[in-house]
Every structure is written in structure tokens, then in C-alpha cells.
Amino acid sequence: MKSLEDLKKMRELALKKVEMREGGKDYRVVVGMATCGIAAGARPVLNKLVEETAEKDYNCVVTQTGCIGMCVYEPIVEVYGKDGSHTTYVHVDADKAVKILEEHVGKGKVVEEYTVDSVRAREV
Amino acid sequence: MMQDLAMQTLEILMNSVGAKADTVILRIRESEHDNRIDIEVEDNGCGMSPEMVQKVTDPFTTSRKTRKVGLGVAFMKGLTEQCNGSFDIQSTVGVGTTVRASIQKDHIDAPPMGDLGEMIMYVIQADENIDFRFYYTTDNGNFEFLSEAVKQELEGVSLLEPEILLWIKEYINEGIIHAKEGME
């Protein structure tokens, strides 16, 4: 049975991690969670991102946003780097989410085949 | 089409987040005895004019600029009409909005409740600064979740830490099960 007491322990663990990292996280991973995103399957994507980040301790914060106006490309995951870089991944599912974390957040390599530009190029 | 009550309620809660509310209160009552499910979302966001309240159940009304349809409120109202229920919005500009929906629990068209813990995790994730309060009531017991109580325990550590988000989801779902079974 969980209780608010658990949070004390979790707080200490979180603080230790922050100390190790120095100066915040390198990436911000944002999932589109408006009606269009959810309808297209953003929930399992967001859940997977949160679970994987917790388990593998990726250097990112996972958050969400509303509709960004590209509903046909949902589920959309955007990755913002500390250096100002910005990548938009489209038609993401749970497996692709794992790969994005592994390659982009883990190794700093953009997963080109899932980006909006390459998906659009393939459509033409 | 939306699947369960949790996801329909999420849509309403996201409207509160979008309305820049700093306090959002969700009350859910599930009663076998009265055969009702009541859902109430109260916020202190920007509120709506009487004209907007009139129009907001129309799917082609939305204040968003990225697309021209907004379905959350329209779906919720449609669901209550389908399930022998009631739907009501009270709103005052500058004060806030309260949305109330009620359905017949065993109605053939009544969707399942869905994952409330996950849904609340999404709300917290959407804006961790909101003072979010969840009160859940059944015939057998109650459960409450207050984001401020969690923040107090965490003393400055963010609710957005993934371990904390997952803990919130599980804590709420456990609390709901216990409330249903009438355990403390």
C-alpha cells in the first residue's frame, strides 16, 4: 500500500540524481496530448516515455502539449535540446518512442526516418 | 471517438488548464445505491461569457487557434444525453468555470470509468504548478488526492520526475480500489 511517506525516499533519490547531473536536463521531450493526439494513440507513447525515462534514467524531462495543428501526423513527439535544437517526430508509437529515447536522448543522434521532414518527403 | 469516462473528463480538465486556472478540483462520485456516476470539474480559470457558455457545447466552437473544432464539452454533453444523465456549465468571466455531468451507472451506453490515475498523471504533467485536488466518493468509502500535499513532501523536487508521476498514478488507483472496497 502506497502512502505519502514513500515520497520522502523518492525525494532523496531525485535529489541525488540532480546533483549528479549538474545544471538541469539536456532534453525536453514533449508529446502532443490534445484530442487529436490521444485519438491517434498518444497515450501509450507518453506512458512508454515516462516509464522508460524512469527505468533507464535518461537525461530528459517528459512533458506534454496541446494541439500544434498537424493533427494528421499525430502522435507527435518533439525533442528540444538544451542547445536550442528542435526535432519533430511524427506517427510515433511505443516502439518508436523507445528508439527515440535510446538514439536521440541517449546518444544525441536524431532518428531521421521518423522526423516530420522525412515522413513528408516519403509522402510526395 | 472517446473511449472511457476518464479520457472524457481529461478533456474537460485540459480546458481548465488552458483557462490558466491555478486551482482545479475534480469530484467523482460513483454510487451503486443511487445508480449514478457524477463528475464535477471546478476551476478558477479565466471563465466564459454567457454567450460562450451557450455555444461551447457546439463541436464547431473552440477558442483554440490551431484548428476549428473542439470536441471535449460536446462529447461529454452527448454522453450524458445518451445515458439518462444531466449536464451543466456554470461560468463567470474572471472567476472560473464549473462543469457537472451525471449519468446512469448501469446504462447500456455508459462507458467504463477507465484509468483515473493515468488521467490525473496527465493533468499534473500538463502543468505541475496547478493546485489539483481530486475527491473520489463511493457508497463504501472515500479517497482524496491533493497535489499540494505531494509537493509538501517533495520539498522542491519536481512532480515531473518520471518516478514521481508513475507513483502518483499508482497511488491514486490504489486509493480508488480501497475506497470501493471500503478500506481505510
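Sequence lines set the chain letters: A, B, ... in the order given, protein chains first and strands last, and positions in each chain run from 1.
Remark: A:R28 CZ to B:L160 CG distance equals 10.5 Å, nearest 0.5 Å. Taking CE from A:M33 and CG from B:L10, the interatomic distance works out to 6.0 Å, rounded to the nearest 0.5 Å. A distance of 6.0 Å separates CD in A:E51 from CG in B:L166, rounded to the nearest 0.5 Å. To the nearest 0.5 Å, atom CE of residue B:M14 and atom SG of residue A:C67 are 13.0 Å apart.
Using a 4.5 Å cut-off between heavy atoms, A:T65 does not touch chain B at all. When heavy atoms are compared at a cutoff of 4.5 Å, B:Q152 does not approach chain A at all. Using a 4.5 Å cut-off between heavy atoms, B:Q125 contacts chain A through both its backbone and its side chain.
A salt bridge is defined here as a Lys NZ or Arg NE, NH1 or NH2 lying under 4.0 Å from an Asp or Glu carboxylate O, and B:E161 with A:K25 meets this definition. A salt bridge links B:E118 with A:R43: at least one charged nitrogen is closer than 4.0 Å to a carboxylate oxygen.
A donor-acceptor contact shorter than 3.5 Å links the side chain of A:Q64 to the backbone of B:Y122.
Listed here is the closest heavy atom pair of A:L4 and B:V150: CD2-CG2, 4.0 Å. Closest approach of A:I38 and B:M7 over heavy atoms only: CG2-SD, 4.4 Å. A:V50 approaches B:P162 most closely through the heavy-atom pair O-CB, 3.5 Å.
By the 6.0 Å contact criterion, NZ on A:K56 is enclosed, its count of non-hydrogen atoms from other residues, nucleotides or ligands being greater than 12. Atom NZ of A:K96 has more than 12 neighbouring heavy atoms from other residues, nucleotides or ligands inside a 6.0 Å radius. The environment of B:E148 atom CD is dense: over 12 non-hydrogen atoms of other residues, nucleotides or ligands sit within 6.0 angstrom. In the displayed structure, B:K169 atom NZ is contacted under 6.0 Å by more than 12 heavy atoms of other residues, nucleotides or ligands.
Looking at B:Y171 and A:D6, their side chains never come closer than 4.5 Å, going by heavy atoms from C-beta outward. At a threshold of 4.5 Å between non-hydrogen side-chain atoms, the residues A:R11 and B:E153 do not count as touching.
In terms of heavy-atom pairs under 4.5 angstrom with chain A, the leader among B:E163, B:E128, B:E170 is B:E163. When each of A:L49, A:V61, A:T53, A:N47 is scored by its heavy-atom pairs under 4.5 Å with chain B, the top score falls to A:N47.
Connection of B:M48 to B:I25 is not established within any shared hydrophobic cluster, with ILVMFWY side chains joined at heavy-atom distances below 4.5 Å, either directly or through further cluster members.
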